Amino acid sequence: MPEAAATPPASLDFIREMIAADLAAGRNGGQVVTRFPPEPNGYLHIGHAKSICLNFGLAQEHAPNARCHLRFDDTNPTKEEVEYVDSIMADVKWLGFDWGEHLFYASDYFEKLYGFAEQLITKGLAYVDDQTHEEMRASRGTLTSPGTRSAGADRSVEENLDLFRRMRKGEFKEGEKVLRAKIDMASPNMNLRDPALYRILHAHHHRTGDAWCIYPMYDYAHPLSDALESITHSLCTLEFEHHRPLYEWLIANVDGLPGAPYQREFARLNLTYTVMSKRKLLRLVKDDLVNGWDDPRMPTISGMRRRGITAAAIRSFCKTIGLTKFNSLTEIALLEHSIREDLNKISHRAYGVLRPIKVVITNYPEDQVEFFDAPNHPEDAAAGTRQVPLCREIYIESDDFMEFPSDGFHRLKPGGEVRLKFAFCIICQEIIKDDAGNIVELRCTYDETTRHGKKPEGRTKPKGIIHWVSARHALDATVRLYDRLFTVETPDADAGEDGDFAKFLNPASCEVVTNAKLEPSLKEAAPGSHWQFERVAYFYADPMDSKPGAPVFNRTVTLKDGWVKK
RNA sequence: UGCCUCAUGGUGUAAUGGUAACACAGCAGAUUCUGAAUCUGUUAUUCAAGGUUCGAAUCCUUGUGAGGCAACCA
């Protein structure tokens, strides 16, 4: 069980407070039953993770008198696919949650839901309308003026029943008839102006096949499905606030329901430098703006996983952001903090030079090779050590050398000294350039007395400590440097009403480095393993593209860089 | 010209009528064989105006701002 989700936050959010009050009042027989109800029309993203952590987290916190259902809200066959069903289950599991026996589909209830609809018709609370789409829209009124009831509302119960049964039999075309609730055409809440309950859809459903040609609307199916599963707390996002009265109307007016759930709403997650709506994510995928749903730059669960973000980091993040009704915009830095916090604990260290520059240690014997012992984790001796080879020629990061150093730069510079981490100190004696004036090689000398961290005699300890890779032993590898997908904090808002958010795509969001020089032990990096290339970033051995002996690394997140250039 | 919801440092949250706090970010220092991590310190907050109260971030009124609502989508 994921610990981060099992313990409730120190202070209770408004949802947990309400649940505590329900429990204190002895409601629901002391049970807490929640549900995570995705529509299988896309991949899950970090916003869904917030909901998953809430609903499944609640079940864990209130165990054993609690459970959380996974229910697919599959009431619109035109948008749903099994591919999405499968990915959603995989993502929820990967996040560390388990629905156990409680896997449901709204489509499981189609027959019962149909029966409830006949019940409402019989009670005079629902009617078959034959207005066209346009007529219905026109008669609904506007935000400031009431609507007018359609003539169909006056039909007899018998006629409505007959019509509804014929709808089910397939006697009508799509759009010809619709079942509506009879509530209040003058309600200030548009959702109560005789909302549609069933529409005709001659579409193939991924589970029920062609058994049905009428499908329930979300507003109708959701509360009743909740009730059928004896859900106690139906938690959703803020945009469903105005649907609550309808939710309650159905629970109150349908007889024979095993449960009496209630709905409460919380603010969805917004993150800087990304987009979160399924529509926009779908666009990124369909227009090949990214490399599929699991592109490491995507805010999808599968994308984040492939980038190397851990489930623990996501859970911890969800805990950090809290739960309110405030429409917030969370800085991506908060997510990155959770990621680094977890990766720092679990990642073994290694050397990787992304933009190599060759260094020749001129006073080091030509054919000598020696191995230095390097700890795999600085804060965890149990992680053991590894042997890192060194020879006369090595690669260092080109960023770690400056011909004309700025103030405060304490890495390698002409005539300056740095320590090769876990090896010895070198001094830069000479810069070799090509005809165009580019630096191609550095000639350095090493100091034998500085092995194993010893201070050079008579001199001050060099401030600079850099990573390095032996040229003769280096593993050439492909490393992808991922960055934020967009150049602006709020791509949707900045794009405006009908603007195109794609224009804010960050052209540098994926830089592929093909000639990175990695320490040889990385050759054995298992696909799906997490690493910290010291002083650079956290990396993830891509599970799809890595081949035996030839790992491909994705940069998950950079290390914090405390050095500000003056 | 409607209805609903919301408003606390730069960001996210806490304080449930009684000293406005925590995390992130920032800054400074200590430490460090990662300019990381760790540790210490630090900058910065109640949308506005009235009212109730001994006392208001909290309750009331009005205003302002933000988000949402007129699918046979979810």
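From a predicted model like this one, the values you see are computed outputs, not experimental measurements. Chain naming here is simple, since letters A, B, ... match the order of the sequence lines and numbering starts at 1 in each.
Taking atom CG of residue A:Asp73 and atom P of nucleotide B:A74, one finds them 8 Å apart after rounding to whole Å. Remark: P of B:A36 and CD of A:Glu341 are 17 Å apart, rounded to the nearest angstrom. Atom CE in A:Met402 sits about 14 Å away from atom C1' in B:G35, given to the nearest Å. Per the geometry, CD1 belonging to A:Ile321 stands 11 Å off P belonging to B:G12, to the nearest Å.
For A:Trp563, the side-chain atoms get nearest to B:G35 when compared with the rest of B:G35, B:G12, B:A36. The side chain of A:Thr324 lies closest to B:U13, out of B:G35, B:U13, B:A71. In this structure, the nucleotide among B:G35, B:G12, B:A71 sitting nearest to the side chain of A:Arg411 is B:G35. Considering only side-chain atoms of A:Lys421, the nucleotide from B:C73, B:C33, B:A36 that sits closest is B:C33. Which of B:G12, B:A74, B:U34 sits closest to the side chain of A:His243 comes down to B:A74. With B:A14, B:G12, B:A74 as the candidates, the nucleotide lying closest to the side chain of A:Ser11 is B:A14. With B:U34, B:C72, B:A14 as the candidates, the nucleotide lying closest to the side chain of A:Leu559 is B:U34. Which of B:U34, B:A74, B:U13 sits closest to the side chain of A:Arg535 comes down to B:U34.
Separation of the C1' atoms belonging to B:U11 and B:A25 is 7 Å when rounded to the nearest angstrom. The gap from the P atom of B:A66 to that of B:C72 amounts to 29 Å, rounded to the nearest Å. Only the C1' atoms considered, B:C47 is 7 Å distant from B:U64, to the nearest whole Å. Across the C1' atoms, B:A70 and B:G65 are found 24 Å apart, a figure rounded to whole Å. With C1' as the reference atom, B:C24 and B:C59 are 33 Å apart, rounded to whole Å. Distance noted for atom C1' between B:G41 and B:U5: 41 Å (whole Å). B:C54 sits 23 Å from B:A49 when the C1' atoms are compared, rounded to a whole Å. As rounded to the nearest Å, B:C3 and B:U8 have C1' atoms that lie 27 Å from one another.
Along RNA chain B, the nucleotide nearest A:Asp129 and the nucleotide nearest A:Val536 are compared for position; the residue whose nucleotide lies closer to the 5' end is A:Val536. Residue whose closest nucleotide on RNA chain B sits further toward the 5' end, between A:Phe14 and A:Met136: A:Phe14.
Looking at heavy-atom distances under 4.0 Å, A:Pro38 makes no contact with the nucleic acid at all. As judged by a 4.0 angstrom heavy-atom cut-off over every strand, A:Glu379 is placed among the base-contacting residues. If you check every strand for non-hydrogen atoms under 4.0 Å, A:His222 touches nothing. Contacts of A:Gly562 with the nucleic acid, taken as non-hydrogen atoms under 4.0 Å apart, involve only primed sugar atoms and P, OP1 or OP2. Heavy atoms of A:Thr142 sit under 4.0 angstrom from at least one base atom. Among the protein residues, A:Tyr538 comes within range of no part of the nucleic acid, since none of its heavy atoms lies under 4.0 Å from any strand. Counting non-hydrogen atoms under 4.0 angstrom, A:Leu179 reaches nothing in the nucleic acid. Using a 4.0 Å heavy-atom distance criterion, A:Gln532 is classed as a base contact. Residue-level contact check: A:Glu397 touches neither bases nor backbone, having no heavy atom under 4.0 Å from any strand. Among the atoms of the strands shown, only primed sugar atoms or phosphate atoms (P, OP1, OP2) are found under 4.0 Å from some heavy atom of A:Thr75. Residue contacts for A:Met217: at a heavy-atom cut-off of 4.0 Å it reaches the sugar-phosphate backbone alone, with no base atom in range. A:Tyr215 comes within 4.0 angstrom of no nucleic acid atom, judged by non-hydrogen atoms across all strands.
The side-chain tip of A:Arg71 does not point at the ring of A:Phe36 from less than 6.0 angstrom away and within 45° of straight on. Stacking of A:Arg180 on the aromatic ring of A:Tyr127 is not recorded, the 6.0 Å distance cut-off and the 45° axial limit not both being met. For the pair A:Arg244 and A:Trp249, the cation-pi criterion (under 6.0 Å, within 45° of the ring axis) is not fulfilled. Cation-pi geometry between A:Arg451 and A:Phe422 is not satisfied (NZ or CZ under 6.0 Å from the ring centre, within 45° of the ring normal).
The distance between the ring centers of A:Phe266 and A:Phe14 does not fall below 6.0 angstrom. Checked against a 6.0 Å centroid threshold, the rings of A:Trp468 and A:Tyr351 count as neighbours. For an aromatic pair to be called close, the ring centres must be under 6.0 Å apart, and A:Phe409 with A:Phe401 fails this. A centroid separation of 6.0 Å or more is found between the aromatic rings of A:Phe553 and A:Tyr540.
Look at A:Lys278 and you won't find any side-chain N or O under 4.0 angstrom from OP1 or OP2 of B:A74. A close approach under 4.0 Å does occur between a side-chain nitrogen or oxygen of A:Arg140 and OP1 or OP2 of B:C72. For the pair A:Arg199 and B:C73, the criterion of a side-chain N or O lying under 4.0 Å from OP1 or OP2 is met.
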Please list, for nucleotides 17-24 of chain B, all pairs of protein and nucleotide N/O atoms separated by less than 3.5 Å.
none

Polar-atom pairs under 3.5 Å, protein N or O versus N or O of nucleotides 2-8 of chain B: list them with distances, or write none.
residue	atom	partner	partner atom	Å
B:G2	N3	A:Leu143	O	3.0
B:U5	O4'	A:Glu241	OE2	3.3
B:U5	O2'	A:Glu241	OE2	3.2

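Looking at residues two or more places apart in sequence or on another chain, you find a side-chain hydrogen bond (donor to acceptor under 3.5 Å, both in side chains) between A:His204 and A:Asp210. Remark: A:Lys173 pairs with A:Glu176 by the salt bridge (Lys or Arg N to Asp or Glu O under 4.0 Å) rule, at least two apart or across chains.
A perpendicular orientation is assigned to the rings of A:Phe110 and A:His205, their planes being inclined by more than 60° (bins at 30° and 60°). Between A:Phe424 and A:Phe372, the ring planes are perpendicular. Angles over 60° get that label, and only those under 30° would be called parallel. In this structure, A:Tyr84 and A:Tyr43 have perpendicular ring planes: the angle between them is above 60°, well past the 30° mark.
The one candidate from A:Leu269, A:Thr272, A:Leu271 that meets the side chain to side chain contact (heavy atoms under 4.5 Å, CB included) condition with A:Leu329 is A:Thr272.
Once the 5.5 Å centre distance and the 30° plane angle are applied, the aromatic ring of A:His467 is found not to be stacked with the base of B:U34.
Using a 3.5 Å distance cut-off with no hydrogens or angles, the side chains of A:His222 and A:Arg35 do pair a donor with an acceptor.
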Read 5' to 3' with Watson-Crick or G-U pairs under 3.5 Å, [ ] for crossing pairs and | for partners on another strand, RNA chain B gives .((((((..((((....[..)))).(((((.......)))))....(((((..]....))))))))))).....
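Note on residues 137-148 of chain A: pairs passing side-chain hydrogen bond (donor to acceptor under 3.5 Å, both in side chains), not counting sequence neighbours, are A:Gln131-A:Ser139, A:Thr142-A:Thr144, A:Thr142-A:Ser145.
Annotated as syn: B:A71, whose O4'-C1'-N torsion sits within 90° of 0.
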